[in-house]
Amino acid sequence: MKRFSILLALLGVLVALPAFALDLHSARSAGQVGEKLDGYVAAVQATPDVNALVADVNAKRQQEYARISKEKGQPVDVVAKLAAQEIITKLDPGSLYQAADGSWKKR
């Protein structure tokens with residue numbers, strides 16, 4: 001039950017970035033960013049704009065993971081990894097995600 005409530009709270013992470021959602025979506029579609037297994041994004045094709053987007057998205061995710069962590073009594077890294085699973089599962093086809101071996105795979 002506790003894991004389920006954490007997953008429900010993580011759904012909020014998907015909407016925590018409304019100002020950048022379109023930009024993040026575009027960057028994912030263009031293969032410029034990928035979703036990492038730790039719950040954060042990484043620049044795959046680094047440019048100043050992509051790096052700025054990655055930094056902003058990751059800072060906002062960190063804040064949201066910390067909020068959920070405090071609310072649910074779970075470590076931040078556990079919350080972030082659960083979020084990563086949820087985010088990667090919901091990626092559009094063609095979006096990049098990090099595999100267990102560290103390589104980038106297409107959804």
Would you name the heavy atoms of [X] and [Y] that are closest together and state the gap between them?
X	Y	result
Ala99	Lys105	CB-CG, 3.6 Å
Val41	Glu35	CG1-OE2, 3.2 Å
Gly39	Tyr65	O-OH, 2.5 Å

Flag yes if [X] and [Y] sit in one hydrophobic cluster, no otherwise; membership is Ile, Leu, Val, Met, Phe, Trp, Tyr, and two members link when side-chain heavy atoms are under 4.5 Å apart.
X	Y	value
Leu24	Leu96	no
Leu37	Leu91	yes
Val76	Ile68	yes

Does the pair Glu64/Arg67 count as a salt bridge with the N-to-O cut at 4.0 Å? yes
What I'd like to find out is whether the side chain of [X] reaches to under 4.5 Å of the side chain of [Y], using heavy atoms alone.
X	Y	value
Gln98	Asp38	no
Val57	Leu53	yes
Pro48	Asn51	no

Give a yes or no on whether the backbone of [Y] and the side-chain of [X] come within a donor-acceptor separation of less than 3.5 Å.
X	Y	answer
Arg107	Tyr97	no
Ser69	Gln74	yes
Thr89	Gln85	yes

State whether a side-chain donor-acceptor pair under 3.5 Å links Tyr40 with Gln62. yes
Asp101 and Ser103: side-chain donor and acceptor closer than 3.5 Å? yes
Spacing of Arg28 atom CZ and Asp23 atom CG [to the nearest 0.5 Å]: 12.0 Å
Taking salt bridge (charged side-chain N to carboxylate O under 4.0 Å, His left out) as the test, write out the residues that go with Asp77, two or more places apart. none
